[in-house]
Participant: 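Here it is: the structure, laid out below.
When a residue number appears, it is its place in the shown sequence, counting from 1. Here the structure is a predicted model, which is why all the values come from computation and not from measurement.
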Amino acid sequence: MDGNGRWAKARGLKRSAGHREGAKATKRIVEHCFKCGVKCVSVYAFSTENWSRPKEEIEALFLIVKNYVKNILKGIDKNNYKVTFMGDTSKFPPELVDIIEEVKKRSANKTGGIFNLGLNYGSRDEIVRAVNLAVKNGKEQTIDSFDKLMYTGEHPPLDLIIRTSGEQRLSNFMLWQVAYAELFFTDTFWPDFETNELDSIFDNFSNRDRRYGGVKE
């Protein structure tokens, strides 16, 4: 979900304003995904690299994330989707950690899909974490068993990654899971990303020939 800061700069606003609009975009896009039958939606909300941003911006991000997760908590009984988190959320303020744990607990048995929120997430950190778990378990790993050690171990395979704002790189996002995913890049800043553009991407995705490294006759 890239381009919040540049969206704000283009309008003479603080970066925090872009992040607030980005949170609104997240809500509408995630809801639309579930309406379209998507089984699992992952969003990259706060990366391990985001700690290097100015203190004022980090504090604004914390507030936006906290309010966003609070709103998820309020809607848990209405929304029939399970909420999971990938990343080391223990590094966040205690109040936010408590809300995250409550969201996980209260949504655990929902069956309408999975909403996966990346908070203090970095894919290389995730892979190292999985390696350390494997070493601790003392067992030789297969691809399938190692996959289960990732934050997304109980999720369906990753089919599609969309990155907004014109950047064409993964930036430490789901590097293990992306093996056979389809990639889409759009110049649209995240706050301006609308459901009609998402539908167009879904249409394109449905027409792609996915061979998973093999050859189709």
Participant: Mind checking the SG-CG spacing from Cys33 to Leu160? Nearest 0.5 Å is all I need.
Facilitator: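 The SG atom of Cys33 sits 8.5 Å away from the CG atom of Leu160.
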
Participant: Taking all non-hydrogen atoms of both residues into account, name the closest pair between Ala25 and Pro191 and its distance.
Facilitator: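 Scanning both residues, the minimum pair turns out to be CB-CA, 4.1 Å.
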
Participant: Is it the case that atom CD in Glu194 sees more than 12 heavy atoms from other parts of the structure closer than 6.0 Å?
Facilitator: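 Yes.
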
Participant: Once rounded to the nearest 0.5 Å, what's the spacing between atom NE2 of His155 and atom NZ of Lys148?
Facilitator: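 Rounded to the nearest 0.5 Å, the NE2-NZ separation comes out at 10.5 Å.
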
Participant: Does some side-chain heavy atom of Arg163 sit less than 4.5 Å from a side-chain heavy atom of Phe173?
Facilitator: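 No, too far: nothing below the 4.5 Å cut-off.
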
Participant: Heavy atoms only: give me the nearest Ala130-Phe146 pair and the separation to one decimal.
Facilitator: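 Smallest heavy-atom distance, with atoms named: CB-CZ, 3.6 Å.
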
Participant: With rounding to the nearest 0.5 Å, note down the distance linking CD in Glu126 to OG1 in Thr48.
Facilitator: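 These two atoms lie 11.0 Å from each other.
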
Participant: Would you mind telling me which of Lys24, Arg11, Arg28 makes a salt bridge (Lys or Arg N to Asp or Glu O under 4.0 Å) with Asp192?
Facilitator: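 Only one of Lys24, Arg11, Arg28 forms a salt bridge (Lys or Arg N to Asp or Glu O under 4.0 Å) with Asp192, namely Arg11.
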
Participant: Are the side chains of Met150 and Ile127 in contact, using a 4.5 Å heavy-atom criterion?
Facilitator: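 Yes, side chains in contact.
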
Participant: Is there a donor-acceptor pair under 3.5 Å between the side chain of Gln168 and the backbone N or O of Phe185?
Facilitator: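 Answer holds: no.
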
Participant: Taking the side chain as every heavy atom from C-beta outward, state whether Asn71 and Lys74 have any pair of such atoms under 4.5 Å apart.
Facilitator: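 Sidechains of Lys74 and Asn71: in contact.
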
Participant: Are the side chain of Thr142 and the backbone of Ser145 linked by a donor-acceptor contact shorter than 3.5 Å?
Facilitator: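 It does hold such a pair.
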
Participant: So Trp190 and Thr26, side-chain hydrogen bond (donor to acceptor under 3.5 Å, both in side chains) or not? Walk me through it.
Facilitator: CA-CA 8 Å; Trp190 178 247; Thr26 303; 3.3 Å; yes

Participant: Hydrophobic clustering (ILVMFWY, side-chain heavy atoms < 4.5 Å, transitive) - are Phe34 and Ile201 grouped together?
Facilitator: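 Yes; Phe34 is reachable from Ile201 via cluster members.
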
Participant: Between Leu175 and Val178, what is the shortest heavy-atom contact and its length?
Facilitator: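 Reported closest heavy-atom pair: O-CG1, 3.3 Å.
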
Participant: Measure from the side-chain N and O atoms of Asn137 to the backbone N and O of Leu133, and report whether any donor-acceptor pair falls under 3.5 Å.
Facilitator: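 Looks like yes, one N/O pair under 3.5 Å.
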
Participant: Look at the side chain of Thr164 and the backbone N and O of Asp2, then say whether any donor-acceptor pair between them is shorter than 3.5 Å.
Facilitator: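 The answer is yes, because a donor-acceptor pair under 3.5 Å joins these two groups.
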
Participant: Are there more than 12 heavy atoms of other residues, nucleotides or ligands under 6.0 Å from atom CG of Asn109?
Facilitator: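 Check fails, neighbour count at 12 or below.
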
Participant: Is any side-chain heavy atom of Val38 less than 4.5 Å from a side-chain heavy atom of Phe202?
Facilitator: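 Yes; the side chains approach each other to less than 4.5 Å.
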
Participant: Return yes if some donor-acceptor pair links the side-chain N/O of Asn172 with the main-chain N/O of Arg124 below 3.5 Å, else return no.
Facilitator: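 At least one qualifying donor-acceptor pair exists.
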
Participant: Knowing that exactly one of Glu49, Glu56, Glu57 qualifies, which makes a side-chain hydrogen bond (donor to acceptor under 3.5 Å, both in side chains) with Arg53?
Facilitator: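 Of Glu49, Glu56, Glu57, side-chain hydrogen bond (donor to acceptor under 3.5 Å, both in side chains) with Arg53 is met by Glu57 alone.
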
Participant: How long is the gap from CG on Asn79 to NZ on Lys110, to the nearest 0.5 Å?
Facilitator: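 It is 8.0 Å, given to the nearest 0.5 Å.
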
Participant: Using distance alone, with no hydrogens and no angle criterion, decide if Thr111 and Asn80 have a side-chain donor and acceptor under 3.5 Å apart.
Facilitator: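 Looking only at side-chain atoms, Asn80 and Thr111 do form a donor-acceptor pair, the distance falling under 3.5 Å.
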
Participant: Taking the side chain from Asn120 and the backbone from Thr89, do they hold a donor-acceptor pair closer than 3.5 Å?
Facilitator: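 No: the side chain of Asn120 does not pair with the backbone of Thr89.
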
Participant: Using a 3.5 Å distance criterion without hydrogens, assess whether the side chain of Tyr121 forms a donor-acceptor pair with backbone atoms of Met174.
Facilitator: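 Judged by distance alone, yes, a pair lies under 3.5 Å.
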
Participant: Distance check, rounded to the nearest 0.5 Å: Lys66 atom NZ versus Ile100 atom CD1?
Facilitator: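 Interatomic distance, Lys66 NZ to Ile100 CD1, rounded to 0.5 Å: 12.0 Å.
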
Participant: How close do Leu158 and Ala181 get, heavy atom to heavy atom, and via which atoms?
Facilitator: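 In this case the closest contact between Leu158 and Ala181 is O-CB, 3.7 Å.
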
Participant: Would you name the heavy atoms of Asn50 and Ser47 that are closest together and state the gap between them?
Facilitator: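 Looking at all heavy atoms of both residues, the shortest contact is OD1-N, 2.8 Å.
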
Participant: Distance from Glu197 atom CD to Ile29 atom CD1, nearest 0.5 Å?
Facilitator: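 Between atom CD of Glu197 and atom CD1 of Ile29 there are 8.5 Å.
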
Participant: State whether Glu31 and Lys27 are salt-bridged, where the test is any N-O pair (Lys NZ or Arg NE/NH1/NH2 against Asp/Glu carboxylate O) under 4.0 Å.
Facilitator: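 Salt bridge present between Glu31 and Lys27.
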
Participant: Is Asp199 close to Cys36 at the side-chain level, that is, under 4.5 Å between some pair of heavy atoms?
Facilitator: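 A side-chain contact exists here, since the closest heavy-atom pair is under 4.5 Å.
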
Participant: Whether the side chain of Arg210 engages the backbone of Tyr180 through a donor-acceptor N/O pair (distance < 3.5 Å, no angle test) should be reported.
Facilitator: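 Checked: pair present.
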
Participant: Quick check against the 3.5 Å criterion: does Ser16 have a side-chain atom that pairs as donor or acceptor with the backbone of Ala60?
Facilitator: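 Not confirmed, Ser16 side chain does not pair with Ala60 backbone.
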
Participant: Do Ile72 and Met1 sit in one hydrophobic cluster, given that two such residues count as connected whenever their side-chain heavy atoms are within less than 4.5 Å of each other, even indirectly?
Facilitator: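 Hydrophobic grouping puts Ile72 with Met1.
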
Participant: Mark yes when over 12 heavy atoms from residues, nucleotides or ligands other than Lys14 sit less than 6.0 Å from its NZ; otherwise mark no.
Facilitator: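 Counting neighbours around NZ of Lys14, 12 or fewer heavy atoms of other residues, nucleotides or ligands fall under 6.0 Å, so no.
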
Participant: Spell out, yes or no, whether Tyr68 and Phe92 are grouped together once hydrophobic residues are joined by side-chain heavy atoms under 4.5 Å, including indirect joins.
Facilitator: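 Same hydrophobic cluster.
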
Participant: Taking NZ, NE, NH1 and NH2 as the nitrogens, is one of them in Arg129 or Asp88 under 4.0 Å from a carboxylate oxygen of the other?
Facilitator: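 A salt bridge is absent here (no side-chain N lies under 4.0 Å from a carboxylate O).
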
Participant: Checking Phe205 against Asp159 for the side chain to side chain contact (heavy atoms under 4.5 Å, CB included) test, could you report, in this order, the C-alpha distance in whole Å, the side-chain angles of both residues, the deciding distance, and whether it holds?
Facilitator: CA-CA 9 Å; Phe205 170 79; Asp159 288 316; 3.8 Å; yes

Participant: Is Ile64 reachable from Leu117 through a run of hydrophobic residues whose side-chain heavy atoms are each under 4.5 Å from the next?
Facilitator: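 In one cluster: no.
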
Participant: Do Thr195 and Lys35 have side chains that approach each other closer than 4.5 Å (heavy atoms only, starting at C-beta)?
Facilitator: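 No, their side chains stay 4.5 Å or more apart.
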
Participant: Ignoring hydrogens and angles, state whether a donor on the side chain of Asp203 or Ser206 is under 3.5 Å from an acceptor on the partner side chain.
Facilitator: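 Their side chains do not contain a donor-acceptor pair, so the 3.5 Å distance test is not met.
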
Participant: Are Glu101 and Lys104 within salt-bridge range, i.e. N to O under 4.0 Å?
Facilitator: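 Yes, Glu101 and Lys104 are salt-bridged.
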
Participant: For Leu119 and Ala45, which heavy atoms make the closest approach, and how far apart are they?
Facilitator: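 Taking Leu119 first and Ala45 second, the nearest heavy atoms are CD2-CB, 3.7 Å.
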
Participant: Side-chain heavy atoms under 4.5 angstrom apart, residues restricted to Ile, Leu, Val, Met, Phe, Trp, Tyr: same cluster for Trp7 and Leu198?
Facilitator: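 Different hydrophobic clusters.
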
Participant: Just so I know, are the side chains of Phe85 and Tyr151 near enough to count as touching, which here means a heavy-atom distance under 4.5 Å?
Facilitator: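 A side-chain contact under 4.5 Å is absent here.
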
Participant: Identify whether NZ of Lys or CZ of Arg in Arg208 sits under 6.0 Å from the centre of the six-membered ring of Phe184 and within 45° of that ring's axis.
Facilitator: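 Judged by the rule (NZ or CZ under 6.0 Å from the ring centre, within 45° of its axis), Arg208 counts as positioned above Phe184.
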
Participant: Are the side chain of Glu154 and the backbone N or O of Thr152 linked by a donor-acceptor pair below 3.5 Å?
Facilitator: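 Checking the backbone N and O of Thr152 against the side chain of Glu154, no donor-acceptor pair under 3.5 Å is found.
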
